[in-house]
Each structure stands twice: as structure tokens, then as C-alpha cells.
Amino acid sequence: MIRSRVLTMLSLVCLFALLLAGLSGCGQATQTPQAQPSPTSPQVGQPTSSSVVAQPTATQPSPPPTGEEQAPKSVVIVIPEDPPSFNAILSDTGYDAMVMELTMLGLTDIDPQGNIFPELAAELPTVENGGVVVDEEAGTMEVTWKLRQDVQWQDGTPVTADDVVFTWDAIADPETGTWMQGVDYIGGVVKVDDYTFVISYTGIYPGYLTQFGGEQLVIWPAHYCDAEQGFTAWDCARAPMSDGPFTLQEWVVGDHMIFVRNPNYYQPGNPVIDQVIVRIVPDATVRKTMLLQGDADVDVWTTEPVVFDLKDKPNVQVSISPYPRWVLRLFFNLAANGTVDPVASPHPILSDLRVRQAIRMAIDVDTISTQIFYGYGTPVWTELFRPPYACDVPRPKYDPQAAAALLESAGWIDQDGDGVRECHGCLNAKEGTPMEMELITYAEFGEPMTLSQQLIAEMLGKIGIKFQLTVVEGSVLWATAEEGGIEQLGNFDVDLWDDGYSGTDPTDFLWELYSDEAAEPDFGWNIGRWINDDFNGLLAQAYTLDEALRKDLFCQMAAILDEQVPSVLMFSVINADAHSTRVEGIQSTTFDMVTWNAEDWDVK
Amino acid sequence: MTAYLARRLLQTVALLFLLSIVLFALVNLAPGGPLAGHGQSRHVRPERAAVLKRQFGLDKPLPIQYLVWLAGNDWMKVDADGDGITDSYGTRKGILRGDFGFSFRTRQPALNEIGLRLPNTILLMGVTMLVAIVVAIPIGILSALRQYSFYDIAATTFSFAGQAIPEFWLGLILILIFYVWLKNPFTGEPLLPPGGMYTLGAGFSLVDRIKHLILPVATGALAWIAWYSRFLRSSMLDVIHQDYLRTARAKGLSERTVIYRHALRNALIPLVTVLALDLPYLIGGAVFVETIFSWPGMGRLYYQSALQRDYPVLLAILMIGAAAIILSNLLADLLYAYMDPRIRYD
Amino acid sequence: MWRRFRRHPGAIAGTIVLGLIVVAVLLAPLSPYDPEASDLSARFQPPSLQHPMGTDALGRDLLTRVLYGGRVSLTVGFLVVAISLAIGVPIGALAGFHGGRLDSILMRLTDIFLSMPAFLVLILLSAILREVDAPLFERNNVLTIAVVIGILSWMTFSRLVRAAFLTIREMDFVTAARCVGASNRRIIVTHILPNAIGPIIVEATLGLGYAIIEESGLSFLGFGIQPPTPSWGNLLSNAQEYLTKYPWLAIFPGLMIFLTIISVNYIGDGLRDAFDPYKVLKKVGEV
């Protein structure tokens with residue numbers, strides 16, 4: 001009858017929902033990882049990557065386990081999302097580099113002061129010590145690397161030149177490899193003996209020291225990673241074999257990762273602590289609370305408002321990088337909006353140098369930095385502000401009156417009294433063109449970026465330039481021209497975003513943003529189409545190993561940039577990691593993630 | 001009936017096929033793409049973009065991409081190493097054989113990404129729907145029985161209010177009340193957690209899980225309770241005035257029997273149908289709640305994937321969602337026929 | 001009909017509240033504050049006499065921004081309803097009137113749209129259409145968002161109208177009109193539509209509420225109206241990170257949405273009772 005059917009249906013539905021809920025709640029299916037090394041040394045644990053059917057995020061953690069004897073010294077790091085893998089060069093989220101630093105080593109690394117130091121390498125090869133041999137005529141060079149002989153993988157296998165060659169072959173594989181900086185310059189990597197190998201370059205590549213190290217690249221184990229799967233997809237990037245201070249013991253995706261001390265680590269006495277626990281906590285407020293309550297020890301990439309909140313707390317310290325990386329900047333499109341040729345169709349307003357100079361003079365950088373970034377923004381006005389190439393460029397004045405006067409003399413006068421200037425005898429625009437433009441920024445940074453955009457527009461509005469504000473997604477702003485990328489297609493007037501080069505070598509970065517070759521769509525990122533022959537000439541010369549010469553060249557380039565104003569650099573955002581005072585040794589660095597020296601951390 | 005069923009299933013297949021084309025076109029039409037700088041790099045070097053394009057299969061014209069997505073490319077030769085020569089067979093099997101490709105973001109199979117998060121969403125939405133039903137039925141019944149009484153007016157007002165409160169706002173307000181303002185009188189700590197599925201490292205504790213479920217479920221269920229209770233009320237009202245109930249009363253049956261044995265069961269029929277129609281929400285219905293309460297589910301995965309143009313994952317979620325809708329429609333129709341013998345399909 | 005509406009207390013209250021909101025929103029330019037100009041000396045102030053709803057991160061008066069945001073949200077809402085009607089009514093009318101093949105095709109079309117997970121596709125569509133740089137459609141325009149939402153909300157109308165047509169076209173007065181020789185168009189416009197208009201109006205009213213919530217939701221996620229243009233949705237999204245310190249930023253915009261939607265719902269309910277006291281057309285799945 002109807003009634004019984006209805007009742008049956010209803011109860012079935014309820015049961016079903018309850019069952020689902022119960023199953024989902026209780027179920028913890030642990031899958032064993034595909035690749036497991038068999039440890040020869042009995043003390044070392046196996047790296048397990050349990051891709052557990054997600055039991056993700058949580059809030060407050062429980063107090064650390066109290067053992068009968070000494071509790072293991074452990075440090076808890078909280079991050080907002082899982083690293084996609086341990087291979088930082090693939091996805092470059094930063095969290096991958098963070099866990100990579102805990103477990104694997106590169107040839108070299110960079111310290112917070114910008115000094116390069118050897119990790120797997122026995123010493124840094126230079127021209128002086130014969131490690132680097134330059135063939136001046138042919139314009140090529142060869143670098144001979146000697147590896148340390150006391151480094152082992154966690155299963156006891158020594159780290160040898162085979163691993164380096166293996167890593168290189170995997171990267172260079174046309175099917176499953178990837179592209180990395182300077183890969184075109186490498187002719188080949190050849191093993192000489194177990195601990196020596198030679199990299200031959202097809203040109204002079206000044207960044208050779210950190211090419212296989214630094215923040216992004218480490219050496220991968222030849223005997224463990226599967227070359228068939230390839231660099232971009234191999235399982236050892238999810239279940240890594242370690243030669244670093246810690247090994248991965250457990251990874252519950254979405255919840256936590258546990259790293260334990262690697263007893264085979266080559267540095268005696270290091271790592272000092274026994275365990276590093278990484279917890280996934282997406283909400284920034286919760287991470288802050290955990291830090292304050294002692295449930296977390298390190299909060300990675302702490303943002304300005306949180307740093308400000310943590311200022312006076314007795315049990316929390318904030319480590320700030322001595323040199324920041326990300327600088328907020330305005331880029332001018334010197335070609336007309338929607339075009340890419342600055343000569344055939346120059347931008348009616350921005351192609352005039354005086355206009356760009358006026359804009360630079362009218363922006364009160366300090367106000368933006370104090371009001372929106374809690375005072376933690378460091379003014380930066382040149383690309384060359386970090387060691388070892390910090391150049392002495394005088395800071396641009398903030399003088400809105402002078403800016404207004406400059407605009408007047410450039411032929412931009414407000415004759416109709418509406419607060420917006422028009423062209424009356426200006427350089428490249430028709431008579432009467434109003435000084436109106438579009439200022440674009442991207443959404444993913446968050447509110448501080450859009451608020452800065454607004455403030456900048458207001459400041460420029462005061463000198464008679466009207467801006468229409470647009471916020472777009474990063475994936476649209478930086479897409480290729482083919483995909484409709486706004487920058488590449490030149491569909492903008494002024495672009496506001498944060499950028500900065502990684503590592504210590506700005507050569508590639510400068511090429512990307514300012515060289516003439518890079519002005520071609522989808523060939524580089526000189527989206528302003530600024531072309532300066534002097535600059536290009538200097539840049540070409542910078543591919544040399546003569547450091548003194550390089551510094552001189554860079555500073556000349558900095559002077560040109562300062563004079564020609566293709567972009568206005570304003571200030572850098574903070575690079576900081578908040579941590580509990582019980583952890584010693586934490587030092588934020590702009591050249592790496594906070595775990596760069598995890599082997600030296602200690603717990604009080 | 002079987003003929004009807006067969007016809008409907010065929011229609012389902014056709015509909016899914018058409019939808020796959022529409023959704024594929026939509027996803028690819030969105031400006032911007034997965035090659036835009038992610039992670040820390042703002043700008044992707046063109047050389048790297050070229051390699052990625054090839055590895056992601058984006059270097060082919062759209063119709064070919066669709067074909068590969070649908071049926072795979074292991075039956076045709078592709079140029080895997082970028083030298084311009086198609087010399088090896090592809091590796092993809094296509095969705096017809098269950099291969100939804102790999103996520104651009106993590107390089108893991110798209111279905112894996114979904115599989116990690118689907119149970120969480122089902123848990124959240126399942127409990128939400130359950131709570132909604134359990135709370136809505138008594139409210140709706142009483143409302144109908146005591147029509148125009150104070151109780152009814154209160155319930156109706158509540159129902160209107162519940163449907164008017166935006167979910168995302170409600171979530172924020174609830175966090176404000178139960179995490180920021182009200183504190184546990186004994187421990188001084190916040191009453192309820194502001195997000196996450198459970199407290200870290202404490203092992204499995206039912207109480208803990210429930211505490212973490214309270215706010216998200218309350219946020220999601222309110223509108224549903226409002227809607228279901230009102231729906232049940234109107235459906236109950238329809239039934240109450242029917243003649244066969246008058247007959248039952250005339251036969252001398254107690255009011256209780258009349259209501260619960262006869263009226264309620266018939267009133268529940270439309271509700272069950274509506275429930276079946278709402279089943280797809282189990283999969284994709286919690287975008288706001290998941291975002292606000294840091295609940296790692298399908299909604300947040302979709303949102304992340306949309307921002308980063310992670311096409312395979314996007315398409316997988318869309319197709320699963322669409323399939324859920326179509327199948328639940330079919331289920332609703334069948335249920336209706338099953339429960340109400342007056343309905344017959346031919 | 002109006003008499004019945006007037007007897008519905010909720011609908012009256014709803015009309016009054018909605019009326020007040022619309023008037024307030026129209027009067028937004030009267031505010032002494034500029035919704036977009038910053039005042040860095042007055043950041044994050046709690047509600048006071050000078051700033052009845054407080055100020056936000058740039059010192060902008062929240063009440064002013066909420067009112068301007070109301071303009072945007074309400075405009076989008078009305079536009080969405082207009083677009084949905086413009087698409088849905090003709091489709092439903094054609095399907096219901098002619099029946100047969102055309103009906104099948106149009107209903108399949110409706111099914112395709114109905115089978116798409118609505119909100120997920122909304123996110124995609126807005127990502128697509130937002131960047132369109134065409135006349136009338138400038139980037140991030142109110143019209144664009146309205147079109148995006150409208151494209152996915154016409155299906156209810158087409159079903160409703162089709163159902164109405166199916167029922168009414170069999171009625172005697174239509175047959176009579178046909179006997180007299182009235183053309184198809186005349187029959188539709190003069191005879192059927194006026195009788196079907198009841199449910200359409202009710203649904204349109206409720207659709208307004210739905211559209212406002214969808215727009216707010218999209219803007220909340222960052223896919224709708226972008227800053228600095230305020231909309232109730234993106235005001236809420238900006239308020240999320242300040243929830244613990246400056247809660248008024250979250251309370252007021254949401255309150256406005258709530259008041260608007262509940263008024264709209266009560267009005268819709270009143271209209272439903274006024275037009276349809278015998279509940280001729282059921283809502284659950286038969287047609």
C-alpha cells in the first residue's frame with residue numbers, strides 16, 4: 001500500500017544518509033605507497049607516504065606526547081595547504097621547497113645574507129680555484145664539481161655523481177622533464193669519477209653556482225627514483241628518499257606530515273631536534289591562535305596584520321628576513337592599450353617620460369606602507385637593492401607639487417576645471433584627450449593589494465590623472481597571449497603587482513622584464529615594451545664571471561632604469577616567519593624557506 | 001515500465017554526452033589558462049610554458065583535445081618529446097574508460113584529488129540534510145495541524161527568515177557568536193571551533209567531530225529546514241482536507257491514527273521526491289560552508305581549481321555533478337511512481 | 001486581487017520594507033561621504049553618530065558603501081529577472097503552445113541547462129564573460145554579471161509558462177477563440193498570457209530574491225562585482241578577515257541582504273495567495 005511504501009522510502013533515505021555520514025566520518029583507509037625502499041640500515045625508518053583518504057584540516061592540536069624518559073624534541077610547523085609534492089621546481093608553491101629542504105640536499109644553498117655556501121659540494125668551484133675553466137674565444141665554460149664523500153641516502157647508499165647525472169638526465173628528458181633557469185646553457189653533465197663531475201656550458205652562465213641548488217632544485221636518488229615515470233611524475237616526489245637532516249615518516253594528506261631525524265645525516269650532532277611535525281591549517285586566524293597557545297611553533301610566511309598582532313606577545317617572536325624579495329611595482333605600458341608596438345602606436349599618455357616621472361613623484365610610498373601594510377613595508381626604488389649587487393640609487397622624491405608642475409610643462413593641463421587634465425600640446429596624444437587610464441591589479445594577493453591600488457589611484461587623482469580600477473584574476477593577467485593574457489596582449493595602461501627575483505642573480509629577471517627581446521609577446525615579460533639599447537648592451541655584457549664588472553654593469557643598468565622610469569618600484573612586503581620563543585635558531589630568509597637551517601634548530 | 005526506464009536511461013546518456021561538450025567548451029573558453037604563473041612565480045618563462053603546454057595536452061586544437069579527454073589518446077600517435085615528430089602512443093585513456101586525466105596543479109590523477117575530498121563533503125552535506133529533515137518534519141506537521149495559530153505563524157516567519165539569510169553571512173555570524181563572543185564558562189575557551197574537521201592529533205573522538213560539525217551544519221541546514229518545513233506544511237495542508245480523511249474520521253479512527261497513519265504518509269510523498277532531487281547537493285552543494293569553515297571538500301577544490309584553471313579537475317567535478325543531477329531526477333521520478341500507484345509511466 | 005494581497009500582513013510589511021530599502025538606495029548620492037574615497041584618519045571606526053555603520057579599512061563610511069552596494073545588487077537582481085523572463089517566457093510559450101516536436105526540443109534544451117550544477121557553472125561563466133571587452137559589456141560590469149546569472153535562471157520560467165500553456169490551451173474559451181478565427185499570436189497574447197501571468201509574477205518576485213543571493217554569493221567568492229565598486233557580496237567577503245576585530249563590517253551588509261530577501265519572499269507569498277487562492281498549478285514535478 002502507499003503508506004508502507006512511503007515509510008520504507010523515507011526510512012531508507014534516512015538510513016542511507018546516516019550510513020554515509022558514519023562511513024565518511026569513521027573511514028580511514030590507509031593506502032600503502034607505491035615505491036618503498038628497503039632499508040639496509042636497520043635503524044632508519046622507511047619513508048611512507050600514506051595518501052590517506054583525506055582526513056584533513058583541524059584546529060587545536062593536542063599537547064605533545066609525554067614519554068617516560070625525555071620527550072622527543074619536536075617542532076610543529078603550521079602551513080595553510082599541503083605541498084603538492086617534494087619537487088619544488090614543479091609547482092613552486094613554497095611549501096614544497098619547505099619540505100624539500102627538510103629532506104634533501106642540493107649542490108649549494110644560499111644563506112640569509114645572500115652568501116652561497118656548499119651543501120653536497122665539497123667546495124664552491126670558482127675561476128680562482130680552478131673549478132671553473134672559461135674558454136674566452138669560444139665563449140663557453142666548464143665547471144668541475146667535487147662532491148662531499150660523506151653524504152649518504154637514508155638507506156646507506158652514498159650520494160655520488162651518478163645521482164647528479166641522473167637528476168640532470170631526468171630534467172632534460174624531452175618527454176617527462178621540465179624547464180629550469182639556464183637549462184639552455186648546459187651542454188652536458190658528465191661524470192668523471194664517483195665524486196666528481198663536469199658541467200659544460202655553451203655560454204658564460206653567471207648563475208652556475210646555484211643552478212642545482214638554491215631554493216628550487218635538489219639532487220635526486222638514482223637508485224630509488226623511477227626514470228620511467230619521469231621527473232614530473234615520479235612517485236619519489238611524494239615518498240622521498242632522504243639525504244637531508246630529516247626523513248619523512250608519515251604523511252596524512254590534508255592533515256599532517258611527520259619528519260624524524262635522519263641518523264645517517266652527514267653533519268655530526270645535527271639535527272639537534274628529533275622531530276619536525278608539519279600541520280595543515282588553512283585558516284590564518286587559527287594558525288595565529290595555535291602559535292599563541294603554544295600548540296604550534298612556527299607559522300610560515302606570516303602576513304603583516306598577524307605580525308602586528310604578535311608584536312608584544314612574550315612567547316612569540318617574529319623572524320624577519322634581512323632582505324625582502326617581493327616588491328610592489330607599477331608597470332607602464334609604453335604601447336597604446338591593446339597594442340604591442342611602442343613605436344608604431346605609442347601610448348598617448350605614458351610614452352612621455354615626464355608623465356612617468358610625475359607619476360613616480362606623486363605616490364606617497366610611506367603612507368601606503370604604514371596604512372595598509374602596518375608599517376612593515378620597506379621602501380624599495382630600484383631592482384638592484386639586494387646583495388651582492390645593491391646599487392646606490394638615490395631615492396626618488398615625493399613631491400606632488402613638482403609632479404603637477406611637470407605635467408603642466410608636458411602639455412597636460414586641466415582647462416575645463418573638472419579635475420582631470422587634458423592634452424594641450426602634449427607629446428603623443430590628440431588635442432583634448434583626457435588623462436584617463438586603467439589601473440589593473442590582481443585579486444589573489446588579497447585586500448592589501450586592492451586597497452593599495454585605490455590609494456595610488458587617489459594620490460594620482462590629486463594631480464589630475466584619473467584612473468579606472470580593475471581587479472582581475474592572476475591566471476588571466478599572466479596568461480600567454482594565446483590564452484588571452486592581459487599583460488602579454490598589452491590590454492592595460494598601468495599594471496600593479498608584486499614581483500622579485502629568487503636567489504642572488506638578477507640577470508635573468510632583468511632580461512625578462514626589461515630586455516628588447518622580451519618585449520615580444522609570449523617571448524618574455526617586458527610587457528611595457530620598453531626598449532633601451534644601452535640597457536640591452538649592458539645586459540649582454542653581464543653574462544660574465546667577473547663579479548666586479550657585473551656589479552658595475554648592474555649599477556649602470558639601475559641608473560638607466562631610474563632615469564627612464566619604465567616602472568615605479570614602491571616598497572617590499574614583509575618576508576617573515578613567526579615562531580615560539582622556545583625554538584632557537586629560526587632565521588627567515590628571502591632566499592629560501594624557513595627550514596633552510598632546520599638541522600641547527602634547537603628547543604629550549 | 002521497463003520501456004520507460006530504458007528510454008530514460010538512453011536519454012541520460014545522450015544528455016550527459018551533450019553536457020560534456022557544453023562543459024568542455026565552457027571550461028576552455030574562460031580566458032587565462034593553467035600556464036599562468038602559479039605558486040611563487042608571477043611570470044612563467046615561455047620555454048617552460050611550451051613544455052607545460054605539451055605535457056598538459058593543450059597544444060592541440062580544441063576538438064582534438066575534447067576527443068582525447070573523452071576517449072584518450074593511447075590509440076593514436078602523439079609527439080611527446082616536442083621534437084615535432086609523433087613517434088609514441090599517448091598515455092591517456094579518456095573519461096569513457098574512467099581516466100579523467102591528471103590535475104595540472106599537483107600532477108596527481110584528477111579522480112584522486114576528488115576522492116580525497118568527496119567523503120568530507122558527503123559527510124558534511126549528509127549530516128546537514130539529515131538534520132534538516134529531522135527538524136523540518138515536526139515543524140511542518142505541527143504548522144499544518146495548527147494552521148494560523150501562533151505556532152504556525154512563528155514557524156512560517158522562521159521559514160521565511162531562514163530562506164532569506166545568505167549562507168555565507170550566516171556562517172560568519174555564527175563564528176562571531178560561538179567562537180569570538182561566547183566563551184565556555186568553565187574553561188574560558190571559545191565554545192565552538194571556527195573551522196576544520198577535527199582537532200589535530202587527538203585521535204578519533206566522536207564528541208570532537210560533532211563539535212566541529214555543529215557550526216557548518218547549522219549554517220547549511222537553516223535554509224533547508226525553512227524550505228522543507230514550509231513545503232511539508234503546504235503538502236500536509238493539501239492532504240488534510242481530502243475526503244478520505246473525512247471517511248477515516250467518520251469510521252471512528254482516533255485523530256492520531258488519522259494524522260499519522262494516513263495523512264502524514266501521503267504528505268511525505270512529495271517531500272521524498274524533493275529529497276531525491278536534492279541529492280546532488282551531497283556532492284557539490286557546500287562551496288560557501290567549506291570556504292568559511294576551512295572544510296576540505298569538493299566545493300573548495302572546485303573553487304581552487306577554477307582560480308588556477310585546473311581543467312581536468314574542473315571538468316571531472318562538473319561531469320560528476322551533472323551526472324548526479326540527471327540521475328537524481330530519474331530517481332525522483334521513479335520514487336514518485338513507486339510510492340504513488342496512481343502514477344504510471346508508459 | 002489587490003484586496004486579497006492587502007489582507008496578507010506579511011506581504012504588506014514586505015512591501016514597506018522593500019520600498020524603504022529601494023528608496024534609501026536611490027537616495028545614496030545624498031550621502032555626504034564618497035563611497036570610494038579614502039579617509040585614512042578614520043579607519044576601522046565602530047558605529048557612531050557620524051558613521052552609523054562604522055568605517056572600513058580605508059576609512060570609508062560603511063553606510064554609504066552599503067547603500068551604493070544596494071544599488072548594484074538590486075540592479076543586478078532586476079536585470080536578472082528581466083533577462084530570465086525574456087528568455088524563459090518565449091521558450092515556455094512556444095513549447096507549451098505548439099507542443100510536439102518543438103516542445104520536445106525546447107524541453108531538452110531546458111533539461112541541459114537544468115542538469116548543469118548551477119553554482120559551479122556560474123563561477124565558470126562569470127570568469128569567462130567578465131573579461132569580455134565589448135561595447136556595453138565593459139570589463140566587470142553590472143550587466144555582465146546579470147547576464148551570467150540570467151543565463152542560468154530562466155528554466156523555472158519556461159517550465160512554468162509551458163505548464164500554464166498546456167493547461168490553458170485546452171480550455172474552452174481558447175477553442176472558442178480559435179473557432180472565431182483568431183491567429184495564433186492573438187490567442188497567445190490576448191487569451192493565454194493574461195491567465196498565465198499570475199504564477200509568472202510570483203516566480204519573478206521570488207526570482208529577484210534568488211538573483212540577489214546569487215550575485216552576493218558570486219561576489220563573496222570573488223567572481224562577481226570586483227572592488228572598489230561595492231556590492232553587498234563583496235563587502236561581506238572583505239569583512240571576513242576582520243571578523244574578530246571589526247565585526248560591524250560583516251554584520252551590516254548581510255543584514256541588508258536578509259531584509260531585502262525576506263521582504264521579497266513575503267511579497268511573493270502574498271502575490272501567490274492573491275493570484276492563486278485555489279492553487280491551480282502545483283509546484284511539484286508533474287508538469
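Every chain is numbered from 1, with letters handed out A, B, ... down the list of sequences.
Contact annotation for A:Gln216: neither backbone nor side-chain heavy atoms come within less than 4.5 Å of a heavy atom of chain B. At a 4.5 Å heavy-atom cutoff, the contact between A:Thr176 and chain B is made by backbone atoms alone. Only the side chain of B:Gln55 has a heavy atom closer than 4.5 Å to any heavy atom of chain A. The contact between A:Thr232 and chain B is made by backbone and side chain atoms together, counting heavy-atom distances below 4.5 Å. For A:Asp498, the parts sitting under 4.5 Å from any heavy atom of chain B are the backbone and the side chain alike. Contacts of A:Trp301 with chain B are made by side-chain atoms alone, with heavy-atom separations under 4.5 Å and no backbone atom involved. If you measure heavy-atom distances from B:Arg105 to chain A, the contacts under 4.5 Å come from the backbone alone. Heavy-atom distances place the side chain of A:Leu513, and not its backbone, under 4.5 Å from chain B. Only the side chain of A:Tyr442 comes within contact range of chain B, with at least one heavy atom under 4.5 Å from a heavy atom of that chain.
For A:Ala479 against B:Gly32, the heavy-atom pair with the smallest separation is CB-CA, 3.6 Å. Closest heavy-atom contact between B:Pro31 and A:Val476: O-CG2, 3.6 Å. Considering every non-hydrogen atom in both B:Glu47 and A:Asp184, the closest pair reads OE2-OD2, 3.8 Å. The minimum heavy-atom distance linking B:Val51 with A:Thr178 is given by the pair CG1-CA, 4.4 Å. What you find for B:Ala306 and A:Glu473 is that their closest heavy atoms are O-OE1, 4.1 Å. Closest heavy-atom contact between A:Asp522 and B:Pro46: O-CB, 3.3 Å.
Between A:Pro282 and B:Arg300 the shortest side-chain heavy-atom distance falls below 4.5 Å. Contact check for A:Trp234 versus B:Arg107: no side-chain heavy atoms found under the 4.5 Å cut-off.
Atoms CH2 and CG, on A:Trp478 and B:Leu35 in that order, are 14.5 Å from each other to the nearest 0.5 Å. The line from CG of B:Leu307 to CD of A:Glu444 is 5.5 Å long, rounded to the nearest 0.5 Å.
A donor-acceptor pair under 3.5 Å is absent between the side-chain atoms of B:Arg45 and the main chain of A:Gln181, judged by distance alone. In terms of modelled atom types and a separation under 3.5 Å, the side chain of B:Thr106 and the main chain of A:Pro84 share no donor-acceptor contact.
Contact check on A:Glu175 versus B:Arg54 returns no salt bridge, with no Lys/Arg side-chain nitrogen under 4.0 Å from an Asp/Glu carboxylate oxygen. Residues B:Lys53 and A:Glu482 are paired through a salt bridge, judged by an N-O separation under 4.0 Å between the basic side chain and the carboxylate.
Using cut-offs of 30° and 60° for the angle between ring planes, the A:Trp525 and B:His43 rings count as parallel.
Enclosure of atom CZ in A:Phe523 is not indicated, since only 12 or fewer non-hydrogen atoms of other residues, nucleotides or ligands lie within 6.0 angstrom.
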